[in-house]
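Have a look at the structure below before the remarks.
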Amino acid sequence: MVKKKQIYFVRHGESELNAKNFRQGREGHLSAGGKEQANFAAERFTKIPVEIIFSSPYVRAEETARAIQEKVGKPLEILELLSERRNPKEIIGRSSNDPEVANILDRIDRSFHTNDLRYSDEENFADLKERTKKLLRFLEARSEEHIICVTHHIFLRAVVGYIERGEKFNANDFAKFSFLNPLNNAGITLCAYEEQLKGWWWNKEPIDPHENIGWRLVVWNDYGRL
């Protein structure tokens, strides 16, 4: 039997530090507005046959996931693979408007650079791409057909970029994709996976590295209306 899955990626609701335009680490609760966004997203999932919820371990993501769980009543598991990109220690807890922070962000996020560029201790593009592949393989192996993944905007862009571009996806593509495709708090992105039977070479590497077998983007950043 061919596997068919629908994966609903949800960016967490607005956090208190999002509201202040501060760069974040693992900590940080949802703001009042973020809780409202999480509850709104949760209500939308009551009409979808969800089977399981996976969440980043970051506080803001887990709080969003628990709001969804309360509405749909399905199991929730914490999954480190869904974490946000680790920011360099130099910017965590600081405003994005700080000139030093802005300069670092320009270098690692908004400029064209090699895949392995690293400012200090952050995850670089090569790290994100590798984690993206691990996440997709994990989801492919699951038996559930309708899955929610609560995650973060930088990592989700990496996931979708890889789905769209496959092994050709690089840091320059990522910079362009991030600039051109905004992602709202509590926005829902739907990706579909269908196991492709390719005869004797099934489960080998794709002949064309652009081809990411079985995955496709269906909906990007559907955030509805509050």
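Note that these values count all heavy atoms, side chains included, but never hydrogens, waters or copies made by symmetry.
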Run the ring pair (Phe, Tyr, Trp, His ring centres under 6.0 Å) test against Phe177 and tell me which residues pass, sequence neighbours left out. Trp220

Counting C-beta onward and ignoring hydrogens, is there a side-chain heavy-atom pair between Asp173 and Lys176 closer than 4.5 Å? yes

The side chain to side chain contact (heavy atoms under 4.5 Å, CB included) partner of Cys191 among Leu217, Val159, Leu139, Leu156 is Leu217

Would you call Arg118-Asp127 a salt bridge at under 4.0 Å N-O? yes

If the condition is ring pair (Phe, Tyr, Trp, His ring centres under 6.0 Å), which residues does His152 pass it with, not counting sequence neighbours? His12, Tyr58

For a side-chain contact (heavy atoms from CB on, under 4.5 Å) check, start with the C-alpha distance between Asp222 and Leu190, then their side-chain angles and the critical distance, and finish with the verdict. CA-CA 9 Å; Asp222 181 351; Leu190 172 60; over 6 Å; no

Go through the structure and list residues passing ring pair (Phe, Tyr, Trp, His ring centres under 6.0 Å) with Phe45, not counting sequence neighbours. Tyr8

Residues at least two apart in sequence or cross-chain that pass side chain to side chain contact (heavy atoms under 4.5 Å, CB included) with Arg86, listed by chain then number, are Glu123

Those residues at least two apart in sequence (or on a different chain) that pass side chain to side chain contact (heavy atoms under 4.5 Å, CB included) with Glu90 are Pro88, Ile104, Tyr119, Ser120, Asp121

Can you check whether Arg131 reaches Leu135 side chain to side chain, under 4.5 Å on heavy atoms? no

Matching residue for Leu30 among Arg60, Glu36, Glu14 - test: side chain to side chain contact (heavy atoms under 4.5 Å, CB included): Arg60

Quick one: does Glu145's side chain get under 4.5 Å of Lys4's, heavy atoms only? no

Would you say that Gln24 contacts Asn18 through its side chain, given a criterion of any heavy-atom pair below 4.5 Å between the two side chains? yes

Flag the pair Leu128 / Ile154 as yes when at least one side-chain heavy-atom distance between them is below 4.5 Å, and no otherwise. yes

Is it true that Lys129 and Glu167 have a side-chain N and a carboxylate O under 4.0 angstrom from each other? yes

Any heavy-atom pair between the side chains of Phe155 and Thr132 that's under 4.5 Å? yes

Is Glu100 salt-bridged to Arg94, cutoff N-O under 4.0 Å? yes

Tracing side-chain contacts under 4.5 Å among Ile, Leu, Val, Met, Phe, Trp and Tyr outward from Phe179 reaches Leu180

Residues Glu164, Arg157: salt bridge by 4.0 Å N-O rule: no

Closer than 4.0 angstrom, basic N to acidic O: yes or no for Lys71 and Glu43? yes

Using the ring of each side chain (for Trp, its six-membered ring), is Tyr193 parallel, tilted or perpendicular to Trp215, with breaks at 30° and 60°? tilted

